[in-house]
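Accompanying notes for the structure given below.
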Amino acid sequence: MQDQELFDLTGRRAVVTGAAGLLGREFAGALAAAGAHVVLVDRDEAATAAVAATIAEEAAVAPTVLALDITDPAAVGPAIEALAEVDILVNSAAIDPKFEPGAELAGHLTHYSLEKWKASLDVNLTGSFLMTQACCRLMEQQGDRGRGAIVNLSSTYGLGGPDQRIYRGADGQKFFKPVDYSVTKAGMLGFTRAVAALYAGTEIRVNALTPGGAFNGQDDEFVQQYSARTILGRMAAPADYRGAMVFLCSDASRYMTGANLVVDGGWTAW
Ligand SMILES: NC(=O)c1ccc[n+]([C@@H]2O[C@H](COP(=O)([O-])OP(=O)(O)OC[C@H]3O[C@@H](n4cnc5c(N)ncnc54)[C@H](O)[C@@H]3O)[C@@H](O)[C@H]2O)c1
């Protein structure tokens, strides 16, 4: 294999959950640009259709849209089984709580609702479990001894607790990043290692990608405070993660499993 072919995904089918998301659509676009047939999974059908239309303009193979709720086992199992072959799974769908005006304390541990905690565990962990279970049933049948690449999305907040100081403005604390986010993103790292180890002796590889915060129109005060915590001195652009995703899904990372690739502008190294 020539070096330039290491990143080629021609002929591979890649299922990407949360494909309508800020990063999810970049992951899907990057895999499609590398030649994969991408299957866009999201519960927001209209937004996913729009992402598919954008990707279709440049991709060799038109994307497929699969509008489903990943927490629904009755929907996930049959939808994935019907694909018959899955080479790549990216577990990107998640509930990632954001600032809500007028609800400054809502994310704090002592104010957080049980309903939100449960919803987060359901999407971020149970949804990834169901998708992985369904895709692994197919991956086990592929190649001589099982073959596939799975990428689980963690976060810098899964490695360390959120620095709540960056959500503090001149007028006081604007937001608390809730604990469920760190709990589920740390859980994705355990899930990655457990599934990787389970498939010892096969070619089913399971790795995690740990991004730092991406710019999405946040206010200047926050962007400055976030940027100052990174070695590179800025937030990520959503496209900054495309290369890492193609690497983890392709033969370029073929001797890598059970690992966590941190792409965070140096946030965790400081
Ligand atoms: N955006 C960031 O700055 C950042 C930083 C670190 C880690 N991450 C992680 O990267 C991943 C992608 O982030 P993003 O910015 O694209 O998130 P996002 O919030 O923009 O998108 C999440 C997507 O998941 C979908 N979704 C939610 N629940 C679902 C369900 N039950 N079934 C199907 N789809 C569902 C939503 O409709 C949405 O399109 C997440 O796992 C997130 O935790 C993001």
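We count residues from 1, following the sequence as given.
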Salt-bridge contact Lys174-Asp219 (side-chain N to carboxylate O under 4.0 Å)
yes
What closest approach, in Å, do Ala32 and Ala59 show between heavy atoms, and which atom pair accounts for it?
CB-CB, 3.9 Å
Going from CD1 on Ile150 to CG on Asn207, what distance comes out if it is rounded to the nearest 0.5 angstrom?
10.0 Å
Within a reach of under 6.0 Å around CD of Gln4, are more than 12 heavy atoms found that belong to other residues, nucleotides or ligands?
yes
Would you say Ser128's side chain and Asn91's backbone share a donor-acceptor pair under 3.5 angstrom?
no
Rounding to 0.5 Å, atoms CG (Asp69) and CG (Leu130) come to a distance of 9.5 Å
Below 4.5 Å, heavy atoms only, C-beta onward: do Cys249 and Leu31 meet side chain to side chain?
yes
Distance in Å, Cys135 SG paired with Ile80 CD1, rounded so as to fall on 0.5 Å steps
4.5 Å
Path from Ile88 to Val51 over hydrophobic side-chain contacts below 4.5 Å
yes
Note, Thr202 side chain near Arg147 side chain (heavy atom, < 4.5 Å):
no
Lys177 side, atom NZ; Ser182 side, atom OG - distance, nearest 0.5 Å
8.5 Å
Where do Asp87 and Met139 land on the side chain to side chain contact (heavy atoms under 4.5 Å, CB included) test, with the steps shown first?
CA-CA 7 Å; Asp87 303 292; Met139 289 177 178; over 6 Å; no
Closest heavy-atom contact between Ser92 and Gly24?
OG-CA, 3.9 Å
Tell me, do Tyr181 and Ser120 make a side-chain contact under 4.5 Å, heavy atoms counted?
no
Closest non-hydrogen atom pair, Tyr241 against Val263:
CE2-O, 3.1 Å
Please answer whether the main-chain N or O of Leu248 pairs with a side-chain N or O of Ser253 as donor and acceptor at a distance below 3.5 Å.
yes
Give a yes-or-no answer on whether the side chains of Asp264 and Thr268 include a donor-acceptor pair shorter than 3.5 Å.
yes
Counting distance only, does the side-chain N/O of Arg25 pair as donor-acceptor with the main-chain N or O of Ala20 below 3.5 Å?
yes
Taking it one step at a time, do Leu109 and Phe176 satisfy side chain to side chain contact (heavy atoms under 4.5 Å, CB included)?
CA-CA 9 Å; Leu109 174 69; Phe176 287 97; over 6 Å; no
Is Met131 reachable from Tyr199 through a run of hydrophobic residues whose side-chain heavy atoms are each under 4.5 Å from the next?
yes
Do the side chains of Val76 and Leu66 join up, straight or via other hydrophobic residues, at under 4.5 Å, putting them in one cluster?
yes
Applying the side-chain hydrogen bond (donor to acceptor under 3.5 Å, both in side chains) criterion to Thr184, which one of Asn124, Asp122, Thr126 satisfies it?
Asn124
Can you check side chain to side chain contact (heavy atoms under 4.5 Å, CB included) on His37 and Val39, steps first, answer last?
CA-CA 7 Å; His37 167 213; Val39 179; 4.2 Å; yes
How about Met256 and Phe247: do any of their side-chain heavy atoms sit closer than 4.5 Å?
yes
Within this structure, what is the CG-CD distance for the pair Asp251 and Glu5, rounded to the nearest 0.5 Å?
9.5 Å
So, do Leu40 and Thr17 sit near enough that their side-chain heavy atoms are less than 4.5 Å apart?
no
Do any N or O atoms from the side chain of Thr230 and from the backbone of Trp267 form a donor-acceptor pair under 3.5 angstrom?
no
Show the atom names and distances, to 0.1 Å, of all donor-acceptor pairs under 3.5 Å that link a side chain in residues 185-198 to residues at least two apart or in another chain.
from   : atom 1 : to     : atom 2 : distance (Å)
Lys185 : NZ     : Leu153 : O      : 2.9
Thr192 : OG1    : Asn152 : ND2    : 3.0
Thr192 : OG1    : Met188 : O      : 2.6

For a ring pair (Phe, Tyr, Trp, His ring centres under 6.0 Å) check, start with the C-alpha distance between Phe222 and Tyr167, then their side-chain angles and the critical distance, and finish with the verdict.
CA-CA 7 Å; Phe222 173 79; Tyr167 303 104; 5.5 Å; yes
With a 4.5 Å cut-off on side-chain heavy-atom distances among I, L, V, M, F, W and Y, is there a chain of contacts connecting Met235 to Leu232?
no
Any Lys/Arg nitrogen of Arg137 or Glu85 sitting under 4.0 Å from an Asp/Glu carboxylate oxygen of the other?
no
Could you walk me through whether Ile70 and Val41 pass side chain to side chain contact (heavy atoms under 4.5 Å, CB included), step by step?
CA-CA 8 Å; Ile70 60 163; Val41 174; 3.9 Å; yes
Within this structure, what is the CG-CD distance for the pair Asp220 and Gln224, rounded to the nearest 0.5 Å?
6.5 Å
In sequence, state the C-alpha distance, the side-chain angles, and the governing distance for Asp96 and Lys98, and then conclude on salt bridge (charged side-chain N to carboxylate O under 4.0 Å, His left out).
CA-CA 6 Å; Asp96 181 355; Lys98 307 272 186 326; 3.8 Å; yes
For the pair Arg229 and Asp163, find out whether any cationic side-chain nitrogen is under 4.0 Å from an anionic carboxylate oxygen.
yes
Leu89 with Val65, same ILVMFWY side-chain cluster at under 4.5 Å:
no
Is it the case that the side chain of Gln218 and the backbone of Asn216 share a donor-acceptor pair, with hydrogens and angles ignored and the cut-off at 3.5 Å?
yes
Derivation of the salt bridge (charged side-chain N to carboxylate O under 4.0 Å, His left out) call for Asp240 and Arg234
CA-CA 12 Å; Asp240 286 341; Arg234 65 174 178 88; 2.9 Å; yes
Check ion pair Arg43-Asp72 (N to O, under 4.0 angstrom)
no
If you look at every heavy atom in Phe215 and Leu22, which pair is closest and at what distance?
O-CD2, 4.2 Å
Please name the residue in the list His108, Glu104, Gln164 that meets the side-chain contact (heavy atoms from CB on, under 4.5 Å) test with Gln173.
Gln164
Heavy-atom pair with the smallest gap, counting every atom of Asp180 and Pro97
OD1-CG, 4.0 Å
Compare every heavy atom of Ala134 with every heavy atom of Gly77, then report the nearest pair and how far apart it is.
CA-CB, 4.5 Å
Quick one: do Arg242 and Glu26 make a salt bridge, cutoff under 4.0 Å?
yes
Just by modelled atom types, is the Ala33 backbone N or O under 3.5 Å from a matching donor or acceptor in the Glu58 side chain?
no
